[in-house]
Amino acid sequence: MLNFTVGPVMCSDAVCAVGGEQVPYFRTPEFSALMLENEQLMLKFAKAPQGSRVAFMTNSSTGSMEATVMNCFTAADKVLVINGGSFGQRFTELCEIHEIPHDVLRLNHGQKLTKERLYEYDGKGYTGLLVNIDETSTGVLYDAEMLGEFCRKNQMFYVCDCVSAFLADPFDMAHCGADVMITGSQKVLACPPGVSMIVLAPRAVDRVNNANVKSMYFNLADVLKNMERGQTPFTPAVGILRQMNARLREIENAGGADAEIARVAAQAKDFRDKISALPFEFVSESPANGVTPVHPLHADAYEIFMELKDNYGIWICPNGGDMKSTVFRVGHIGHLTHDDNTTLINALKDMQAKGKL
Ligand SMILES: *Cc1c(COP(=O)(O)O)cnc(C)c1O
């Protein structure tokens, strides 16, 4: 199968090879060294400020979103949540579950966040901001620098869910002033799902170390303390962390974060150029590089997904909820090439010739 979803995505041969090996015991100096190398490369690729740390969590990224909300905010906060799709909605629900006072800046599907909209919330006593930099459900990229400036001005604790934006869209954690950056193993990092990273700037490290968290597994102070020696409090997804090491090294050897971002951007541009002749519309006003949401003008989006899966050996990414019939998404992350784009376009053209588009 050719996989154009937004995760899990296609892995490189090197990452697959590590996946075929025996999983080693992990309370060893060798595994600690690998974890500390993973941390260094993550900090470098995130352009994290001096003194930042990484929590490697064995959970999908929603677990890390939840851990961040639990460790970084309390009932004394007043948080602003940017909600333009299903991942913004997830942050909203997490604030509800953990009883964090919050307001929601709601955007329509595909709508970009303007400075005017954002500054309606200026000087209103907000203490924190939660945003999904690429709202993957609609492929909208929010401006991390604009949001960072707003947070600096209002002295807000700034949390960026970069799960699908990390290594797909430019992101400079030190420059934009993000306190927390969350990402996961199965998006641009193109490893199997199961591990998620929380990068914490010094201010966030202080905050989690002084938090009073009612959770054993999601206690980030405990995670960071163990990580000082390259370890985790509990058994991590050892195999995936070894694949992650192969992948991080692969990115480093191919020119680092900026080169990978350029590669994803070129993959997206190639697809968007090639698809323009077909009966589709783009959905996002401010498109992120990682994924293109597409609205079919004449056909049902979910039926296109099923047809490509069953008759062409191709996975695209269906949308859920009220966008199920109207929008499908095509990912540009993972081990994909421009020739793979051509294969997908040819399949769509074949469907069109058969009257299925
Ligand atoms: C994929 C993704 C997540 C995490 O989803 P999981 O299913 O928990 O891995 C969170 N936020 C964004 C923006 C995502 O794209």
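The analysis underlying the following values was restricted to heavy atoms, covering all of them including side chains, and did not include hydrogens, waters or symmetry mates. Each ligand, and each atom within it, is numbered from 1 in the order the structure gives.
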Counting non-hydrogen protein atoms only, what is the nearest one to [atom]? Give residue, atom name and distance.
atom	value
atom 9 (O) of ligand 1	Gln186 NE2, 2.9 Å
atom 11 (N) of ligand 1	Asp161 OD2, 2.6 Å
atom 4 (C) of ligand 1	Ser61 CB, 3.5 Å
atom 14 (C) of ligand 1	Lys187 NZ, 3.0 Å
atom 3 (C) of ligand 1	Phe87 CE2, 3.4 Å

Considering all heavy atoms of both residues, which atom of Asn154 and which atom of Gly123 are nearest to each other, and what is their separation?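 Scanning both residues completely, I find the closest heavy atoms to be OD1-N, 2.8 Å.
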Does even one non-hydrogen atom of Glu135 get within less than 4.0 Å of ligand 1?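 Under 4.0 Å: no for Glu135.
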Test: ring-ring contact (aromatic ring centres under 6.0 Å, His included). Region: residues 39-96. Which pairs qualify, not counting sequence neighbours?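 Every pair satisfying ring-ring contact (aromatic ring centres under 6.0 Å, His included) with a residue in residues 39-96: Phe73-Phe157.
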Which of the atoms of ligand 1 are close to [X], meaning less than 4.0 Å from one of its heavy atoms?
X	answer
Thr136	12 (C), 13 (C), 14 (C), 15 (O)
Met65	10 (C)
Ser164	15 (O)
Asp134	13 (C)

Ion pair Glu252/Lys44, N-O distance below 4.0 Å: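 Salt bridge between Glu252 and Lys44, a charged N being under 4.0 Å from a carboxylate O: yes.
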May I ask you to check if ligand 1 and Ser60 share an N or O to N or O distance below 3.5 Å?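 Between Ser60 and ligand 1, an N or O pair is found under 3.5 Å apart.
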If you measure from each non-hydrogen atom of Val163 to ligand 1, which part falls under 4.0 Å: side chain, backbone, both or neither?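 Near ligand 1, Val163 shows its side chain, while the N, CA, C and O stay back.
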Tyr217/Phe234 aromatic ring centres below 6.0 Å: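 For Tyr217 and Phe234, the ring centres are under 6.0 Å apart.
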Are Gln89 and Asn83 linked by a side-chain donor-acceptor pair shorter than 3.5 Å?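 Yes, side-chain donor-acceptor contact under 3.5 Å.
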Is there a donor-acceptor contact under 3.5 Å linking the side chains of Asn71 and Arg207?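 Looking only at side-chain atoms, Arg207 and Asn71 do not form any donor-acceptor pair under 3.5 Å.
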Quick check: are there more than 12 heavy atoms from other residues, nucleotides or ligands sitting under 6.0 Å from NE2 of His175?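 Not buried by this count: 12 neighbours or fewer within 6.0 Å.
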Take Asp300 and Lys356, measure what salt bridge (charged side-chain N to carboxylate O under 4.0 Å, His left out) needs, and give me the verdict at the end. CA-CA 9 Å; Asp300 182 281; Lys356 290 180 173 171; over 6 Å; no
